[in-house]
> 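My questions all concern the structure below.
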Protein chains: 2
Amino acid sequence: MKVFKIPEATVMRLSVYSRYLYQLGREGVETVSSGDIAKGVGVSSAQVRKDLAYFGEFGTRGVGYKVEELYNHIIKILGLDQQWNVMIVGAGKLGSALALYQGFAERGFNITTVLDVDENIIGTKLGNIEVEPLEVLETRVKERNITIGVVAVPASAAQDVTDQLIKAGVKAILNFSPRVLKVPREVVLRNVDLSVNLEVLSFNLVFNS
Amino acid sequence: MKVFKIPEATVMRLSVYSRYLYQLGREGVETVSSGDIAKGVGVSSAQVRKDLAYFGEFGTRGVGYKVEELYNHIIKILGLDQQWNVMIVGAGKLGSALALYQGFAERGFNITTVLDVDENIIGTKLGNIEVEPLEVLETRVKERNITIGVVAVPASAAQDVTDQLIKAGVKAILNFSPRVLKVPREVVLRNVDLSVNLEVLSFNLVFNS
DNA sequence: AGCATTTTGTGAAAAAAATATCTATTATTT
DNA sequence: AAATAATAGATATTTTTTTCACAAAATGCT
Ligand SMILES: NC(=O)c1ccc[n+]([C@@H]2O[C@H](COP(=O)([O-])OP(=O)(O)OC[C@H]3O[C@@H](n4cnc5c(N)ncnc54)[C@H](O)[C@@H]3O)[C@@H](O)[C@H]2O)c1
Ligand SMILES: NC(=O)c1ccc[n+]([C@@H]2O[C@H](COP(=O)([O-])OP(=O)(O)OC[C@H]3O[C@@H](n4cnc5c(N)ncnc54)[C@H](O)[C@@H]3O)[C@@H](O)[C@H]2O)c1
């Protein structure tokens with residue numbers, strides 16, 4: 001029921017702010033100004049205040065923000081005050097790295113299931129998750145209440161896997177394959193295209209010289 | 001000496017267009033309109049034309065673009081008509097996945113060197129690259145003419161590794177650690193923050209419901 | 001050859017985002 | 001208690017990016 005539209009850049013920055021606040025919290029800092037945050041994460045102080053202003057008033061004029069309080073607010077805004085069950089499809093190099101990464105659990109993302117089609121991979125363990133065959137996709141999504149699907153299969157299989165995830169009831173998809181995916185409007189899609197990132201670097205190297 | 005500023009979003013889209021054109025080329029398609037490209041990658045046709053207009057006139061009115069020709073132009077724009085030597089620092093889960101990924105070489109990114117500090121990892125092979133100790137960083141950057149450094153170490157080591165890369169002469173850095181890095185203005189930096197991506201999903205799941 | 005059709009390239013308009021400025025509120029100092 | 005300083009929140013301005021819309025080519029059809 002979105003009324004205001006929040007810039008995606010704002011959401012991404014909030015995520016970064018929250019991690020900086022977490023760090024400050026652990027260092028024992030109790031209050032922080034928009035300028036401090038700005039300095040810490042490399043944006044302007046006006047930007048920090050603007051980003052927060054979309055969601056309410058969290059600070060005290062003349063004083064700043066309470067680190068812990070602001071942190072909790074942002075965590076809530078980002079939906080990280082709850083657990084999200086995640087399925088990774090494709091237990092290759094990248095899928096395995098993601099499955100083994102502890103950082104996601106710390107932020108409330110529970111990687112409950114990893115699937116593959118390769119007989120040699122199915123049955124192996126990634127940490128304490130056993131890789132299961134693609135056939136159980138729908139069953140697992142339903143019984144484990146999985147809302148987020150991660151696509152880490154070759155480009156040729158990406159759309160097919162995506163369709164299966166959506167049919168099974170997944171609400172959001174993080175796509176690592178270099179393929180433009182078609183999803184219904186109500187499904188949230190994000191693409192992480194690692195090649196594009198390298199190519200932006202090479203462009204800048206050529207262009208700025 | 002940059003005269004016009006090109007939106008970063010434009011550069012990212014060009015990368016996506018180029019891959020779509022590559023695909024079309026392999027399917028034997030010879031000409032394509034801005035509308036076709038738009039449909040294929042999910043943007044507007046005006047956007048496609050505007051993006052290209054920053055760099056010249058590549059099409060024929062009433063006809064469209066020659067697939068191969070436009071592809072070559074974009075490859076040139078992105079600096080992919082040359083080889084880039086890349087060093088990955090951190091041969092953990094993510095660094096290994098990146099080192100073993102064939103897709104980068106296909107786009108002109110030559111991963112020549114992978115470094116780590118862990119005695120158990122140094123000396124092991126990733127494909128045909130042997131993981132070497134961090135100590136050789138400067139030597140390798142120089143002798144192998146490395147211009148791009150990939151930071152795939154824990155956040156606590158990220159700034160230190162970055163400083164070493166820059167001191168050794170690397171011109172661009174792709175950072176996978178969840179840490180805001182400080183780099184001199186002339187060094188190109190891009191952050192790939194995988195947690196942020198998941199958090200944008202959870203935000204949208206909460207916000208749009 | 002003339003006319004209809006397609007589709008680029010582009011200037012103008014609109015929308016979105018970032019930045020700067022101003023105002024109000026709190027805390028601190030004198 | 002008044003003056004001063006700090007800083008959030010609101011508003012205004014500027015900049016950037018996207019979208020729109022149309023004239024200018026190129027093609028093909030009659
Ligand atoms: N590894 C990287 O660093 C990297 C970088 C950029 C992009 N990518 C992209 O990420 C994706 C995965 O890359 P990777 O390097 O892990 O590849 P990979 O080949 O190591 O792993 C892919 C895995 O997917 C499995 N698979 C294939 N079809 C499947 C299906 N229909 N259902 C379930 N599993 C299936 C394969 O068995 C394999 O284990 C690819 O699309 C790749 O282009 C990877
Ligand atoms: N694996 C993922 O899916 C994932 C997801 C999001 C972010 N990240 C980030 O990417 C980075 C790497 O993640 P990972 O999962 O590969 O971690 P990892 O622990 O598997 O690997 C890190 C590697 O870096 C090495 N290292 C440590 N200090 C070093 C130094 N100073 N110089 C060279 N090497 C050093 C370690 O020996 C280790 O091999 C981390 O910053 C992590 O937060 C990873």
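In the text below, chain A, chain B and the rest are named by the order of the sequence lines, each starting its count at 1.
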> Are more than 12 heavy atoms, taken from residues, nucleotides or ligands other than A/Glu186, located less than 6.0 Å from that residue's CD atom?
yes

> Just the rounded figure in Å: distance from C1' of C/dA16 to CD1 of A/Ile6.
13 Å

> Hey, does the side chain of A/Tyr65 come within less than 4.0 Å of D/dG9's phosphate (OP1/OP2), counting only N and O?
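True: A/Tyr65 side-chain N/O within range (under 4.0 Å) of D/dG9 OP1/OP2.
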
> Polar-atom pairs under 3.5 Å, protein N or O versus N or O of nucleotides 23-27 of chain C: list them with distances, or write none.
residue	atom	partner	partner atom	Å
C/dA24	O4'	A/Arg61	NH1	3.1
C/dT26	O4'	A/Arg61	O	3.3

> Can you check the B/Asp51 CG to D/dT19 C1' distance for me, whole Å?
12 Å

> B/Arg13 side chain N/O closer than 4.0 Å to the phosphate oxygens (OP1, OP2) of D/dT18?
yes

> In whole Å, what is the span from the NZ atom of A/Lys39 to the P atom of D/dT7?
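Spelled out: NZ on A/Lys39 to P on D/dT7 is 13 Å.
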
> Does a donor on one side chain sit under 3.5 Å from an acceptor on the other, for B/Arg144 and B/Asn85?
no

> Starting from the C-alpha separation in whole Å, work towards a yes-or-no answer on salt bridge (charged side-chain N to carboxylate O under 4.0 Å, His left out) for A/Glu199 and B/Arg19.
CA-CA 12 Å; A/Glu199 291 171 20; B/Arg19 271 206 313 254; 5.2 Å; no

> So, B/Arg107 versus B/Ser18: side-chain donor-acceptor pair below 3.5 Å or not?
yes

> With respect to the side chain of B/Ser33, which nucleotide from D/dA8, C/dT7, C/dA18 is positioned closest?
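The answer is C/dT7, which lies nearest to the side chain.
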
> For the pair made of CG in A/Leu52 and C1' in C/dA17, what is the distance, rounded to whole Å?
16 Å

> Please report, rounded to the nearest Å, how far the C1' atom of D/dA10 is from the CD atom of A/Glu57.
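Going from CD in A/Glu57 over to C1' in D/dA10 covers 9 Å.
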
> Quick check: do B/Ser202 and A/Phe109 have side-chain heavy atoms less than 4.5 Å from each other?
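Of all side-chain heavy-atom pairs linking A/Phe109 with B/Ser202, at least one is under 4.5 Å.
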
> Tell me the interatomic distance from A/Glu8, atom CD, to D/dT18, atom P, rounded to whole angstroms.
12 Å

> Would you check if there is a donor-acceptor pair between the side chains of A/Ser34 and A/Arg49 at a distance under 3.5 Å?
yes

> Rounded to whole Å, please give me the gap between CZ in A/Arg49 and P in D/dT11.
14 Å

> Using whole Å, what does the distance between atom P of nucleotide C/dA18 and atom CE of A/Met12 come to?
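After rounding, the gap between these two atoms is 11 Å.
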
> Between D/dC20, C/dT19, D/dA8, spot the one nearest the side chain of A/Lys50, thanks.
C/dT19

> Just to be sure I understand the rule, does A/Ala53 reach a base, reach only the sugar-phosphate, or reach nothing, if contact means heavy atoms closer than 4.0 Å?
nothing

> In terms of heavy-atom contacts, does OH of A/Tyr22 have more than 12 from other residues, nucleotides or ligands at under 6.0 Å?
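Not more than 12 within 6.0 Å, no.
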
> Do any side-chain nitrogens or oxygens of B/Ser34 fall under 4.0 Å of OP1 or OP2 in C/dT7?
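So the side-chain polar atoms of B/Ser34 never come under 4.0 Å of the phosphate oxygens OP1 or OP2 of C/dT7.
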
> Give a yes/no on whether any side-chain N or O of A/Gln47 is located under 4.0 angstrom from OP1 or OP2 of C/dA17.
no

